[in-house]
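Note that the numbering runs from 1 along the sequence shown for the chain. Side chains are part of it too, since the values below use all heavy atoms of this structure and drop only hydrogens, waters and symmetry mates.
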Amino acid sequence: MARLNRMAVVLLALVVGACGSDDDGGGVDLRLNHMQVVGSHNSYHVQPEPALFQLLAEFAQLLAESFEYTHLPLPQQFDEQGVRQIELDIFYDPDGGLYEFPIGLQLAQGEAAQPIAGLDLPGYKVLHVQEIDFETTCKTLIECLTDVKEWSDAHPHHVPITILIEAKDEAIEDPLDLGFLVPLPIGAAELDLLDAEIRTVFPAEQLITPDDVRGDRATLEEAVMTDGWPSLRDARGKVLFALDNGGDKKAAYIDGHDSLRGRVLFTSSEPGEDEAGFVKLNDAIADFDRIQELVAAGFIVRTRADSPEGREARDDDTMRRDIAIASGAQFVSTDYPVPDPDFGTDYQVQMPGGMPVRCNPISAPPECTALLLEDPERLG
């Protein structure tokens, strides 16, 4: 009976796709957490070139399959695929050049290989896995964020775009002793520089920060639970950032910044933590009830519609996708906002109703309608 009840909730939430009016009309108090959008996972990612992909597949098939997807440049994702949440993986490279001539490129192209243009610039680099999965539509964090800002400036009425950042410094296995680069460590000082890089692209008035949400409350969690998130009216045309990392990097980011005072990024923090407001729960099936509970309580949640290896897209299996959407998580992340032509299936992840954003099936007020949440006529 419990299983039947849960499936009934899933089906009901999928049907409720046409909820929504805007805070700009009808006096409906719509907040940032009242919407639901599609996000792209590793939004910069381009599948390795055929020669390198074949080498990787021969050595580790499952690993290669986890690299088998390509995203459009960020502005095209916003324009053509309705994506409103993105994810960027970053590597610290203060002087530039650490990642410009990856070993995988040299293996695939031999003597014809040349360093990748643009990676000699200083600052954080955007790529998936050093040496072996490095193709990207924008090479530096500054370049990626500039692409977002230019699109945002051209579409000032868009709902807020959330940018999830994963800071990477892990070594990867080097079983053939090829000399794989060990990334520079990212600690508190490097995370300070991350905030600074973001602020070189986005002015304060275009950012939604923890300070903006906390206001005069003692903690971010208290503000979210008491006052709620900013109104959609005030949040239009803005971006907010969240840190994908937990553990030591999250601790380093919070250290000296109680309740994220002065910080740019929100952190994935559970209720009971002063920094709580955003929560990452990637397994929509296992965490379905938990996601609904958090969303109903006022938190913003990110989950995933498909597995890292793309099994759902290959098999045209929509169960996890449908449950993720029905959970009410505000950000439903995928590698497939459109079908992958190489898989021969129709699998894709889009919001029900055909618009980039829909009213959240758990948290949106009943007066909400989808049409004016992000009416295409108002974007430009």
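Using a cut-off of 4.0 Å between Lys/Arg side-chain N and Asp/Glu carboxylate O, R290 and D287 are scored as not salt-bridged. E68 has a carboxylate O that lies under 4.0 Å from a charged side-chain N of R314, or vice versa, which qualifies the two as a salt bridge. For the pair D212 and K238, the salt-bridge criterion is not met [side-chain N within less than 4.0 Å of a carboxylate O]. Salt bridge status for K149 with D153: present, with a side-chain N to carboxylate O gap under 4.0 Å. The pair D29-R31 counts as a salt bridge, with a side-chain nitrogen and a carboxylate oxygen less than 4.0 angstrom apart. Salt bridge status for K250 with E273: present, with a side-chain N to carboxylate O gap under 4.0 Å.
Between A370 and V357, the closest heavy-atom pair is CB-O, 4.4 Å. Looking at every heavy atom in both residues, G262 comes nearest to D195 through O-OD2, 4.3 Å. Contact between G298 and W229 at its shortest, heavy atoms only, is O-NE1, 2.9 Å. The shortest non-hydrogen separation linking P361 to Q36 is CD-OE1, 3.7 Å. Considering all non-hydrogen atoms of both residues, T303 and S327 come closest at CG2-OG, 4.4 Å.
Going from atom OG1 of T219 over to atom CZ of R261 covers 8.0 Å, rounded to the nearest 0.5 Å. Summarising the geometry, atom CZ belonging to R321 is positioned 9.5 Å from atom CG belonging to D317; distances are rounded to the nearest 0.5 Å. The distance from atom CE of M35 to atom CG of L373, rounded to the nearest 0.5 Å, is 8.5 Å. Atom-to-atom distance recorded for R304:CZ and I285:CD1 is 12.5 Å, nearest 0.5 angstrom. The NZ atom of K125 sits 11.0 Å away from the CD1 atom of I90 when rounded to the nearest 0.5 Å. To the nearest 0.5 Å, atoms CG (L194) and CG (L243) are separated by 7.5 Å.
Linking ILVMFWY residues whenever their side-chain heavy atoms come closer than 4.5 Å, directly or via other members, places L88 and L98 in the same cluster. In terms of hydrophobic clustering, with Ile, Leu, Val, Met, Phe, Trp and Tyr side chains grouped at heavy-atom distances under 4.5 Å, V46 and I86 are assigned to different clusters. L72 and V37 end up in different hydrophobic clusters when Ile, Leu, Val, Met, Phe, Trp and Tyr side chains are linked at under 4.5 Å. Hydrophobic clustering, with ILVMFWY side chains joined whenever heavy atoms are under 4.5 angstrom apart, groups I142 together with I165. When the side chains of ILVMFWY residues are joined at heavy-atom separations under 4.5 Å, either directly or via intervening members, L184 and F91 end up in a single hydrophobic cluster.
With contacts defined as side-chain heavy-atom distances shorter than 4.5 Å, the pair L181/E131 qualifies. Counting heavy atoms from C-beta outward, E87 and H41 have side chains that approach closer than 4.5 Å. Under the 4.5 Å side-chain criterion, counting only non-hydrogen atoms from C-beta, L281 is not in contact with R302. Taking the side chain as every heavy atom from C-beta outward, P230 and I208 approach each other to under 4.5 Å. Side-chain contact between Y44 and L74 is absent, with no heavy atoms from C-beta onward closer than 4.5 Å. Counting only heavy atoms from C-beta outward, the side chains of P271 and L294 approach each other to under 4.5 Å. Contact of the L240 side chain with the T209 side chain is not registered, since no non-hydrogen atoms from C-beta on lie closer than 4.5 Å. By the 4.5 Å heavy-atom criterion applied to side chains, S333 and Q85 are counted as neighbours.
Aromatic ring orientation, Y69 versus H71: perpendicular (interplanar angle above 60°, classes split at 30° and 60°). Between F331 and F278, the ring-plane angle classifies as tilted under the 30° and 60° cut-offs. In this pair, H128 and H45 present their aromatic rings perpendicular. The plane angle is above 60°, beyond the 30 to 60° band.
Checked by atom type, the side-chain pair S43/Q77 shows no donor-acceptor distance below 3.5 Å. Side-chain polar atoms of S152 and H158 form a donor-acceptor pair below 3.5 angstrom. Side chains of E312 and S307: a donor-acceptor N/O pair is present below 3.5 angstrom, by distance only. For the residue pair Q81 / Q348, no side-chain donor-acceptor distance below 3.5 Å is found, with atom types taken as modelled. Residues D306 and T334 bring a donor and an acceptor atom of their side chains to less than 3.5 Å of each other.
Both the sub-6.0 Å distance and the 45° axial angle are satisfied by R263 relative to the ring of Y253.
Taking the six-membered ring for Trp and the full ring otherwise, Y92 and Y124 have centroids separated by under 6.0 Å. You'll find the ring centres of F266 and F241 outside the 6.0 Å limit.
Within the structure, salt bridge (Lys or Arg N to Asp or Glu O under 4.0 Å) contacts touching residues 156-174 (residues at least two apart or in different chains) are D89-K168, D169-K249.
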